[in-house]
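Side chains are part of it too, since the values below use all heavy atoms of this structure and drop only hydrogens, waters and symmetry mates.
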Amino acid sequence: MDLHKVYSGFLVKRIEKISEINGIAYELYHKQSGARLIYIDVDDTNKVFSISFRTPPKDSTGVAHIMEHSVLCGSRKFPLKEPFVELVKGSLNTFLNAMTYPDKTMYPVASKNDKDFHNLMDVYLDAVFYPRVAEDPEIVMQEGWHYEMETPNDDLIYKGVVLNEMKGVFSSADSILERHMMETLFPDTTYGVESGGDPEVIPQLTYENFQKFYREYYHPSNSYIFLYGAMDIEAQLQFINDEYLSHFKAITVHSDIPLQAPFSEGKVCSFPYGIGSEDSEENKSMHALTYVLPEMNGEKSLAFEIITHALLTSPAAPLKKALVQAGIGSDVSGYYLDSLRQPIWNISITGSNMDQQKQVETVVENTLRELVSAGLDKTMLEASLNNIEFSLREADFGGRPIGLAYNIRMMDNWLYDNDPIELLRYENILSTLRKGLSETYFEDLITDAILQNTHKALVSIYPEKGLQEAKEAEEKEKLAAIKAKMTSDEIEHVIATTKKLHARQAEPDSPEALSSIPLLDLSDLSADIEDIERRESYVGGTKVHFIPTFAKGINYTGFYFKLDCLTENELFYADLLSDLLGRVDTTAMSYTDLANDINLNLGGFNADITAIGKENDRDKFVPLMIIRAKALHSKLSELTRIIHTILQESEFTNVARLHELISESKAIWDTEAFRRGNTIVTQRVLAQVSSISKFRDAGNLSYYQKISELVKQPDALSHLPEKLASIAQKLFRANNVEIMFVGEEHEFDSFLTLLEPMLATWNQDELPVGKLAMTQSFVNEGILTSGKVQYVGKGGNFKDHGFVHCGAMSVLETILRYEYLWIRVRVQGGAYGAFANFYENGNMIFCSYRDPNLMKTLDTYDELAEYLKTFTITDREMRKYIIGTMSGLDLPMTPALRGPRAMGLYFSETHLENKINFRKEVIACTQEDIRNLSQVVHAVMADNHICVMGNEQTIKETQELFDSLVPLQQ
């Protein structure tokens with residue numbers, strides 16, 4: 001495309017080469033409709049399309065969030081109940097979702113398949129510009145909220161998908177804190193309301209206001225269209241113009257976001273949040289000190305990222321250290337957020353008490369003044385700058401399409417009429433910031449934006465037993481009062497609309513409607529799978545695995561230590577050790593110096609414990625502690641030096657430091673445990689029937705329970721130094737490790753040269769293996785929380801009943817996730833979602849999340865076998881499920897993921913031929929194969945292994961289901 005020329009109604013306003021991403025950016029404007037469009041031309045087959053709108057809500061009814069759900073529930077060209085779900089079932093997408101932010105709504109898709117990409121783009125454009133919800137209030141009832149009552153004698157209740165999703169969100173204390181923080185900082189702008197919806201306010205949303213919101217904001221003149229990847233851009237522009245934008249005329253959309261007037265002085269306020277009746281109130285308060293900053297350019301934004309990392313993120317962070325040592329809290333974290341028109345800088349403290357609130361601002365600002373006055377530690381700043389620079393150059397987003405990450409980043413400027421392309425550039429900024437290390441650049445920024453800033457708030461939340469129960473009682477009383485005022489005709493109307501909505505939800509789409517969704521052919525699928533090359537060699541007696549990969553000069557390493565020399569009782573200490581490595585002193589340096597050393601030289605270091613199951617073997621698995629580190633190849637010698645230092649020279653004698661770190665871990669668990677509900681419930685169910693799941697649970701809820709005990713009894717820490725040193729000595733032996741290296745041939749040769757002298761100094765002792773045997777018990781458990789919703793799990797092991805894993809089970813996972821469980825648990829039940837998994841070792845689990853129900857969901861699981869017996873759909877629908885299943889098996893493979901994938905295949909002893917045969921089974925799956933799985937489901941459901949985590953009152957009302965009731969938080 002040429003500058004200032006028009007292509008299918010799009011004027012090319014700007015063309016710029018962006019060397020940082022090796023691409024060319026085209027900025028275009030659609031003259032007739034007023035739509036903006038940016039295309040990033042790069043050599044990437046993982047193409048991305050997104051259309052976004054500026055959608056600032058005026059209240060906390062969740063209208064923007066409900067809109068995001070609802071526009072994907074049928075449109076002009078695709079008159080189905082949920083085209084989004086049909087796409088997920090039958091697309092080869094690499095990303096498909098929609099996201100509501102405080103001031104924007106994004107609808108992104110990605111695919112490597114050209115035809116699939118076109119189909120996804122067509123469905124999404126039709127959804128946002130011609131949605132059925134604009135004329136169909138029942139969609140808002142389902143996705144947002146509605147009154148529900150099936151008989152005149154029933155209690156009147158609220159139901160709705162977003163309503164229950166947000167009840168789940170606000171079951172986590174940190175979400176409650178953030179909500180109060182934003183409404184305090186931005187009392188006069190859109191950021192002061194909850195775009196996702198406050199569960200107590202959502203029922204105030206009317207359909208008329210919903211329609212008004214759509215008409216106001218969902219117009220091309222308020223849109224931001226993004227295209228990325230290797231494509232025929234002129235053909236894409238012609239399609240977007242001819243099918244959509246040519247039907248609209250530009251209008252003026254009043255979606256501007258005003259600035260919050262600055263405060264003349266900071267605010268301090270406190271709010272209660274609910275905890276369970278058996279939860280301790282000690283150390284459960286949380287504080288957030290947050291500053292509203294002036295609008296920032298890309299340079300200052302990156303500078304604040306560096307400041308945040310240096311002061312709050314790493315173990316060497318002085319502001320974090322000052323707050324912890326002042327005894328204000330167990331865990332200190334923080335972030336800089338510039339995806340708002342007015343950026344914010346936040347310091348959050350957990351594991352605290354309310355009497356410590358008055359110290360927070362004093363300690364923070366006094367510490368910052370001292371740091372600025374003395375001059376920030378330049379080594380610390382340089383280490384943080386290096387860490388962030390590495391992330392920018394690596395540009396790895398864990399398998400997510402890189403184009404999507406660029407799109408989200410660009411919106412941070414584009415939405416506010418600033419230069420979006422600026423945020424993809426970083427070379428000149430890095431040079432400026434490096435120069436600033438030798439000047440007072442960072443000190444001046446802290447002084448101007450923080451220390452002289454009065455637009456700030458210290459917001460705290462404190463635990464209150466009975467608060468949630470009181471709110472639930474209040475809601476029941478409110479609904480009872482509403483019902484009491486209803487006439488008999490109004491009651492009958494609610495009953496009739498309830499029945500009508502249920503009928504709509506249960507009624508399948510017509511074959512004609514289903515056929516409107518474009519679908520690939522099975523011939524577009526391939527059973528082939530990439531065989532990741534892995535070469536074995538030895539350094540002394542240590543096996544080294546080389547995965548040849550071009551990784552832009554970055555090397556990825558993994559040290560795989562086997563845990564089968566430990567006993568089950570020692571496993572907790574191994575989990576604890578993995579949590580502490582890199583965060584304690586070594587014989588030669590303090591943990592703060594070590595943190596700077598890591599950040600100066602590495603792109604990342606982490607330790608975690610995992611288990612890799614043997615292929616098709618129910619009971620055998622390889623228990624591992626994996627130490628991963630990555631660095632530029634020029635820093636490879638530093639990488640091996642740091643790995644050696646951490647593994648061989650870490651000291652655990654500082655009990656005060658151990659207590660600090662364990663308290664920090666517990667505080668993080670306290671905050672995040674409810675959000676991990678589906679993982680916790682899944683592992684607790686499967687731990688009853690599977691050794692590998694019992695092993696995994698040891699590092700999950702069981703680990704949380706044990707560190708909670710340690711924090712309550714600090715005297716018990718006295719044995720830890722000796723125990724941790726003993727475990728480290730057992731594990732970190734040269735003959736107990738296998739090492740992975742990802743990079744190029746010449747880089748691997750350098751690595752081997754570095755490994756040889758290092759491993760020669762490591763312990764060579766032989767220890768007995770096979771000691772790790774997991775004990776199991778059959779205990780149905782109710783995990784009590786103050787949350788408003790449940791995670792409901794039920795499962796078992798189908799190999800116990802003589803069944804084997806097959807491709808049809810993966811297809812059934814797709815059918816259940818997006819058909820049976822989607823309709824019964826989400827659409828009809830009001831939960832945010834549910835899933836099913838069938839594993840190679842025979843484990844099988846059903847789990848719902850953010851679910852208002854308990855017994856109803858368990859009944860749904862139990863009724864599945866009967867549903868499967870008569871499972872009958874069209875051949876086209878069956879093809880759709882097969883395609884959707886294959887999409888989940890074909891994940892993008894980044895350089896960072898290639899090594900772990902290859903090592904997983906190695907340890908599991910998986911043969912590539914078996915993987916290919918499994919994929920062939922998926923492609924060849926028939927309806928009869930699905931029907932035959934009814935026997936599997938019936939047998940496992942009859943074992944009755946369950947676990948539920950959620951609302952304390954709801955679980956206690958069904959306590960006959962459980963052998964044990966335990967509080968989530970100790």
Side-chain angles (χ1 to χ4, degrees), residues 102 170 172-189 191-194 260-275 281-294 304 307-308 311-313 317-338 340 342-372 445-464 467 664 667-668 670-671:
F170 287 113
S172 297
D174 58 332
S175 296
I176 297 170
L177 177 61
E178 183 180 1
R179 172 85 294 275
H180 289 307
M181 177 190 84
M182 294 299 287
E183 67 186 1
T184 303
L185 288 168
F186 298 99
D188 307 315
T189 77
Y191 301 130
V193 302
E194 176 53 58
Q260 174 65 51
F263 299 166
S264 58
E265 60 181 6
K267 298 184 179 182
V268 179
C269 45
S270 307
F271 304 89
Y273 75 96
I275 60 170
E281 295 173 324
E282 185 71 18
N283 298 324
K284 292 291 176 63
S285 292
M286 301 171 64
H287 313 290
L289 176 60
T290 312
Y291 299 80
V292 176
L293 308 184
F304 249 99
I307 288 170
T308 306
L311 298 183
L312 288 164
T313 304
L319 184 52
K320 176 177 183 174
K321 195 173 180 180
L323 286 161
V324 171
Q325 292 184 346
I328 295 176
S330 303
D331 178 50
V332 176
S333 60
Y335 58 85
Y336 167 71
L337 180 67
D338 63 351
L340 310 174
Q342 292 172 275
I344 59 176
W345 192 62
N346 164 272
I347 302 110
S348 294
I349 302 166
T350 58
S352 185
N353 294 295
M354 280 307 297
D355 60 3
Q356 294 158 322
Q357 182 193 51
K358 59 183 177 295
Q359 298 175 260
V360 174
E361 186 174 348
T362 301
V363 172
V364 167
E365 297 199 352
N366 283 348
T367 301
L368 289 177
R369 287 190 187 95
E370 290 170 7
L371 290 168
V372 166
L445 194 54
I446 291 172
T447 299
D448 294 342
I450 303 297
L451 293 175
Q452 296 178 357
N453 188 349
T454 55
H455 194 167
K456 58 188 174 181
L458 172 57
V459 180
S460 302
I461 58 172
Y462 55 88
E464 185 174 303
L467 179 64
E664 177 183 322
I668 293 170
D670 286 342
T671 303

Can you tell me which residue pairs pass the salt bridge (charged side-chain N to carboxylate O under 4.0 Å, His left out) test with a partner in residues 347-364, sequence neighbours excluded? E361-K456
So, taking the atom named NE2 in H287 and the one named CD1 in I328, what distance separates them when rounded to the nearest 0.5 Å? 7.5 Å
Check against side-chain contact (heavy atoms from CB on, under 4.5 Å), I450 and I307: CA-CA 12 Å; I450 303 297; I307 288 170; over 6 Å; no
Nearest 0.5 angstrom please: Q260 CD to D188 CG, how far? 4.0 Å
Look at the side chain of E281 and the backbone N and O of E464, then say whether any donor-acceptor pair between them is shorter than 3.5 Å. no
Show the atom names and distances, to 0.1 Å, of all donor-acceptor pairs under 3.5 Å that link a side chain in residues 177-187 to residues at least two apart or in another chain.
from, atom 1, to, atom 2, distance (Å)
R179, NE, E194, OE1, 3.1
R179, NH1, E183, OE1, 3.4
R179, NH1, G192, O, 3.3
R179, NH2, G192, O, 3.3
R179, NH2, V193, O, 3.1
H180, ND1, E183, OE2, 2.7
T184, OG1, H180, O, 2.7

Which residues pass the ring pair (Phe, Tyr, Trp, His ring centres under 6.0 Å) test with Y336, not counting sequence neighbours? F304
Test applied, side chain to side chain contact (heavy atoms under 4.5 Å, CB included); reference residue, I347; option that passes from T308, L323, T290: L323
With a 3.5 Å distance limit and no angle check, can you tell me whether D331 reaches the backbone of G351 through a side-chain donor-acceptor pair? no
Given side-chain contact (heavy atoms from CB on, under 4.5 Å), test N346 with L289 step by step and report yes or no. CA-CA 6 Å; N346 164 272; L289 176 60; over 6 Å; no
Sequence neighbours excluded, the answer for ring pair (Phe, Tyr, Trp, His ring centres under 6.0 Å) partners of Y335 is none
Test item: S348 side-chain N/O and A288 main-chain N/O as donor-acceptor pair under 3.5 Å: no
Could you pull out all residues at least two apart from Y462 that satisfy ring pair (Phe, Tyr, Trp, His ring centres under 6.0 Å)? none
For S270, which residues count as a side chain to side chain donor-acceptor pair (under 3.5 Å) partner, sequence neighbours excluded? Q357
